[in-house]
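Worksheet for the structure shown next.
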2 protein chains.
Amino acid sequence: MDFFEQLGPAALGSRLRRLSEQMTTQAAAVYALYHVPFEPRWFPVFYTVASTPDLHVGEIAERIGHTHAAVSQVLKELTKHGLVQVQRGEADQRRSLVTLTPSGADLWPTLQQQAADVRQATEELLADTRHNLWLAIGEMEYALSRQSLASRVKTIRDQRVAAQVQILDYTPQHQPDFKRLNAEWIERYFRLEETDLKSLNHPDDYILRPGGHILLAQHQGRIVGTCALIKMPDATFELAKMAVSPAAQGLGIGQRLGEAAVARARELGARRLYLESNTKLGPALNLYHKLGFRKTVSGPPSPYERCNIQMELPLSS
Amino acid sequence: MDFFEQLGPAALGSRLRRLSEQMTTQAAAVYALYHVPFEPRWFPVFYTVASTPDLHVGEIAERIGHTHAAVSQVLKELTKHGLVQVQRGEADQRRSLVTLTPSGADLWPTLQQQAADVRQATEELLADTRHNLWLAIGEMEYALSRQSLASRVKTIRDQRVAAQVQILDYTPQHQPDFKRLNAEWIERYFRLEETDLKSLNHPDDYILRPGGHILLAQHQGRIVGTCALIKMPDATFELAKMAVSPAAQGLGIGQRLGEAAVARARELGARRLYLESNTKLGPALNLYHKLGFRKTVSGPPSPYERCNIQMELPLSS
DNA sequence: AGCATTTGTGTAAGTACTTACAAAATATAT
DNA sequence: ATATATTTTGTAAGTACTTACACAAATGCT
């Protein structure tokens, strides 16, 4: 099984599954040992009912950490085998109250004894190992409850990507990328307007020459994000043309671009940043908020139809 | 979840299953993170094919530790999604050789990167814990490969039962049990013969008064086993009427009875033990062998039709 | 009291594997 | 060379759970 060795803990899930399967098989063998006509998967439910009778399905499920559906299925089988009986609740007619039948009660001491034997065997097994599996599971469950594996992986990937993302200044060779990335998202949500086409086709004329700046994000040799600072009166820049390629979204590239834009505005002596957007663009607004932008009380009307929100960020110089 | 706390490690199997399920769910979330249209269960197969192309189904299965059936199913899906292609083997037409398609090869770097990220995340997770889950699994698998859980449980149970089993001397009140236990197994395999009935109905007359002894095994207040020493010429006793109740079989009660009988024969100054049995009775012969009995080369003919094997145990006094 | 909402349960279908079985190609024995 | 055994694979069904859905009973709200 070089597979596990090569991949290491990345295959943790697979390995856990294998071991749990092995344990389940062994459990079946244990029942055979005691001549008990009983299936391992019944145990949690039976144990719970025997310990505290007159519980209903939902309560049993909660105690053993399975779903009510699983409990319901197991109870059906236990009933068929004559080990438990189910009655409608008296006060609450929806509930199914469960108790042991006489033959279930007969079985109970044997199962208890068996559980005690299994417990002892497992404890001896665990005592033999340097790394205690039972405690390790507990610690792992705790660690995962604090931060999920997926979000841990995301953190790692974001760090790696951030190290690979470069923020570049616009040069004329970037015009096609600049246009493509912006046209892409505008067309997805709205319609390309005349004003858009002018500035996307001729950013030199419409953005740079009037004193603006354009920043680009490069990842693995490809331009995957853009954003522009457009000069406005009163030491203000408008943050516009913010776009990240769909394939590169979720990598924190917007954040990097935004931060770079804010830093650049500061360098240029801006006292205020301003932007226009649309409330439909949730993730974008989220990003702006993270960067420090807040809703403007009132501002000049926008030339774009699609803008229904304005935000600003005062820059204390 | 008091269930796990109450039962402790006896519920190890359940707990492993829960954790592995959680890891599987998380794995799916990780794929979503990378925008990869890929299911976690494909990974082992895909990984193996990408690392070493032109393997066939059986080889892949062996490497990843799954069955060929599982590999076959996953390959079907991978093919449907255009990630791998399967060809008949040239030399051996039974084999299905697997290689990546161009689009599978495209996906490979992303998956490799992702696996590396997952590995790092998991390693950080493991480093945070006091009991290393990865190593604990390895140790547990090793321990179980040396002795299965079922056999460990059996050892523990046998010890417990042995402590509870008492070997008693026959008194007339035991006659019904003595008869019941012997009749039970004789009728299961053969037919009760006249000779049987005499000694079972009147053990005093046929066994004890001629100088024999009867031992009984008592477990939890019930007589669950019998065995008799019948006096023969030349300081020899015949070990006969060995019976253990079906419900109590496998508990090592036969062994205890047998050992007690041998010890008693020694006390009585016997120089040899003798018995007759049938080769159909595998477990019984096994027990006799464990007690030290060996096949007799030739002996006097038995009054019982069912006897086709004779064994003896010389007792060095 | 009449309505929507919540709660409790059961059933069906899915999941990621397994075991069991079947069929074809190849290897081995006579 | 022919019959038999073994290898290789695919398919079906099972396992021990899950999620999704449906429906009745109870509760909350006006």
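Just so we're on the same page: letters track the sequence lines, and every chain starts at 1. Side chains included, hydrogens not; waters and symmetry mates left out as well; all remaining heavy atoms used.
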Spatial distance of atom CH2 (A/W42) from atom NE2 (A/H81) [nearest 0.5 Å]: 4.0 Å
Aromatic ring pairing B/Y31/B/F43, orientation class (parallel under 30°, perpendicular over 60°, tilted between): tilted
Over 12 foreign heavy atoms within 6.0 Å of NZ, B/K295: no
Residue-level proximity of residues 89-100 of chain B to DNA chain C when a heavy atom falls under 4.0 Å: B/A91, B/D92, B/Q93, B/R94
Outermost nucleotides of DNA chain C that come under 4.0 Å of a non-hydrogen atom of chain B: C/dA16 to C/dT26
Atom pair OH (A/Y34) and CG (A/L111), whose distance is rounded to the nearest 0.5 Å: 10.5 Å
Spacing of CD belonging to A/Q26 relative to OG1 belonging to A/T24, to within rounding of 0.5 Å: 10.0 Å
side-chain hydrogen bond (donor to acceptor under 3.5 Å, both in side chains) partners of A/S245, counting only residues at least two apart: none
Set of side-chain hydrogen bond (donor to acceptor under 3.5 Å, both in side chains) partners for A/H131, sequence neighbours left out: none
Qualifying residues under salt bridge (charged side-chain N to carboxylate O under 4.0 Å, His left out), relative to B/E21, sequence neighbours excluded: none
Rounded distance (nearest 0.5 Å) linking atom OG1 of B/T155 with atom CZ of B/R152: 8.5 Å
Interface with DNA chain D, restricted to residues 67-83 of chain B and to heavy atoms under 4.0 Å: B/H68, B/A69, B/S72, B/Q73, B/K76
B/Q87 CD to D/dT8 C1', straight-line distance once rounded to whole Å: 17 Å
Greater than 12 external heavy atoms within 6.0 Å of A/H35's NE2: yes
